[in-house]
Amino acid sequence: SASTVSREMKRNAGRLKVEKQVFILSFSSIYRWLAEGLLPRAIELKSKLRRFRKRKRAKKTASKGNARSIRQRSKSMLRRRRFGDWEVDTISFGCFPNQTTAAERRSRYTALVVLKNIKRKTVMRAFELIFADTRLPLHTITSDRRMGFNCHNQFEERFQVPFYYTDTGKPYQKPTIENTNDPLKQYLPKNTQVHELPAQKIPQIMSALNNRTRKCLGFRTPCEVLLLS
């Protein structure tokens, strides 16, 4: 199996170090030689690796005319010294519906909205629910370049704040929302049918996230940091 082959490679590489051989071979070198076909039975062994035959599907993106690059954000914003700088993302449950997740960079306060689809009007309606007629501070927003967020012009016109996009294929440039998605999946597993959940379920999850202590906040909660500061 894939796990057996991988473990055997690492054991062999580790054993060479224990025996203090003059020629030390790392398991990364074994993988590289395997990929280049330099080992006996390389084709057979390669077919048993866990990632063999897996292909990453390219996410659909749309043209972002007049879009602001994440590299244009100010250094003061990156230091998390003010409230109101947000990062947004979508989480898919099967095909549809999706869920928009927004996280405030300084406090890690999280807002959740279920979407019926990822059309521009639907995503803008989610932003209205999050930011319109609320007391949540809003100075900037940052998203990736997927089609669901092809609404930067409408957002800037509506809320009068800049909308930034990460570089293509670099979700780690918005770490706040990426780190927020992990605990969120504890409440909403991958195959959850969110459209079948009771109406009060999403607000309950949102409350649980925002009243959950965070080490990065000095073991305070996002609500305490954002609303009581």
Side-chain angles (χ1 to χ4, degrees), residues 51 54-115 117-132 136-185 188 190 206 209-210 214 216-217 222 225-226:
R51 294 183 177 87
K54 288 189 177 181
R55 297 291 184 270
K56 289 185 177 180
R57 292 180 298 175
K59 294 180 179 179
K60 292 183 179 180
T61 60
S63 174
K64 304 290 192 295
N66 303 319
R68 301 175 192 264
S69 168
I70 192 173
R71 301 177 186 276
Q72 297 176 265
R73 298 192 305 184
S74 65
K75 292 183 179 179
S76 59
M77 174 203 153
L78 297 177
R79 297 187 184 116
R80 303 179 190 265
R81 291 183 176 176
R82 69 177 182 184
F83 297 108
D85 297 308
W86 293 77
E87 295 177 5
V88 293
D89 199 3
T90 58
I91 300 179
S92 298
F93 298 91
C95 295
F96 294 103
N98 291 285
Q99 180 170 281
T100 293
T101 311
E104 202 276 326
R105 282 176 53 82
R106 182 175 177 182
S107 65
R108 278 68 168 184
Y109 184 90
T110 304
L112 309 174
V113 178
V114 175
L115 304 175
N117 54 59
I118 53 173
K119 294 181 179 179
R120 185 182 306 170
K121 290 183 178 180
T122 307
V123 175
M124 277 302 300
R125 191 176 301 116
F127 287 142
E128 289 281 348
L129 292 173
I130 296 172
F131 298 116
L136 296 176
L138 177 61
H139 294 298
T140 68
I141 197 164
T142 303
S143 80
D144 55 34
R145 291 178 175 268
R146 70 183 67 187
M147 293 191 67
F149 293 119
N150 190 28
C151 57
H152 58 285
N153 290 325
Q154 292 78 7
F155 185 91
E156 291 187 352
E157 181 179 356
R158 170 65 179 87
F159 294 103
Q160 298 297 304
V161 299
F163 193 119
Y164 297 100
Y165 287 106
T166 61
D167 295 332
T168 303
K170 296 184 178 180
Y172 58 83
Q173 291 180 332
K174 46 183 181 65
T176 304
I177 193 65
E178 294 296 325
N179 292 333
T180 299
N181 288 340
D182 288 336
L184 177 59
K185 291 173 183 177
L188 294 171
K190 185 176 181 179
M206 183 172 160
L209 286 172
N210 291 324
R214 305 284 187 90
C216 62
L217 301 177
V225 174
L226 180 63

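Only a predicted model underlies this, so the values are computations on that prediction, with no experimental measurement involved.
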>> Under the criterion side chain to side chain contact (heavy atoms under 4.5 Å, CB included), I'd like the reasoning laid out for Val123 against Gln154: C-alpha separation, chi angles, the key distance, then a yes or no.
In response: CA-CA 11 Å; Val123 175; Gln154 292 78 7; over 6 Å; no

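Taking every heavy atom of both residues into account, Thr110 and Arg214 meet most closely at OG1-NH2, 4.4 Å. Taking all atoms of both residues into account, the shortest heavy-atom contact from Ala132 to Arg158 is CB-NH2, 3.6 Å. Closest heavy-atom contact between Cys216 and Arg108: SG-NE, 3.6 Å.
Judged by distance alone, the side chain of Arg145 and the main-chain N or O of Asp167 form no donor-acceptor pair under 3.5 Å. A donor-acceptor pair is defined here as one N or O able to donate and one able to accept, closer than 3.5 Å; no such pair exists between the side chain of Gln173 and the backbone of Thr166. A donor-acceptor contact shorter than 3.5 Å links the side chain of Gln72 to the backbone of Ser69. A side-chain donor-acceptor contact under 3.5 Å links Arg120 to the backbone of Asn150.
Using a 4.5 Å heavy-atom threshold, the side chains of His139 and Met77 count as separate. Side-chain contact between Met206 and Tyr109: present, with at least one pair of heavy atoms (C-beta onward) separated by less than 4.5 Å. Proximity of Arg146 to Ile118: side-chain heavy atoms (C-beta onward) are nowhere separated by under 4.5 Å. With a 4.5 Å cut-off on side-chain heavy atoms, Glu104 and Val225 do not count as touching. Side-chain atoms of Pro222 and Leu217, non-hydrogen and from C-beta on, do get closer than 4.5 Å to each other. Considering only heavy atoms from C-beta on, Val161 comes within 4.5 Å of Phe155 through its side chain. Side-chain atoms of Leu112 and Leu184, non-hydrogen and from C-beta on, do get closer than 4.5 Å to each other. Residues Leu226 and Pro137 are in side-chain contact: their nearest non-hydrogen atoms beyond the backbone lie under 4.5 Å apart.
Atom CG of Leu136 sits about 8.5 Å away from atom OG of Ser107, to the nearest 0.5 Å. Distance OG/Ser143 to CH2/Trp86: 14.5 Å, rounded to 0.5 Å. In this structure, CZ on Arg105 lies 12.0 Å from CZ on Arg79, to the nearest 0.5 angstrom. Distance check: Ile91 CD1 to Asn181 CG gives 4.0 Å after rounding to the nearest 0.5 Å. Here the straight-line distance linking atom NZ of Lys174 with atom CG of Asn179 works out to 10.5 Å at 0.5 Å rounding. One distance of note links OG1 of Thr180 with CG of Asp89; it measures 9.5 Å at 0.5 Å rounding.
Checked by atom type, the side-chain pair Arg73/Thr142 shows a donor-acceptor distance below 3.5 Å.
Among Phe149, Tyr164, Phe159, Phe131, the one residue that satisfies the side-chain contact (heavy atoms from CB on, under 4.5 Å) test with Ile141 is Phe131.
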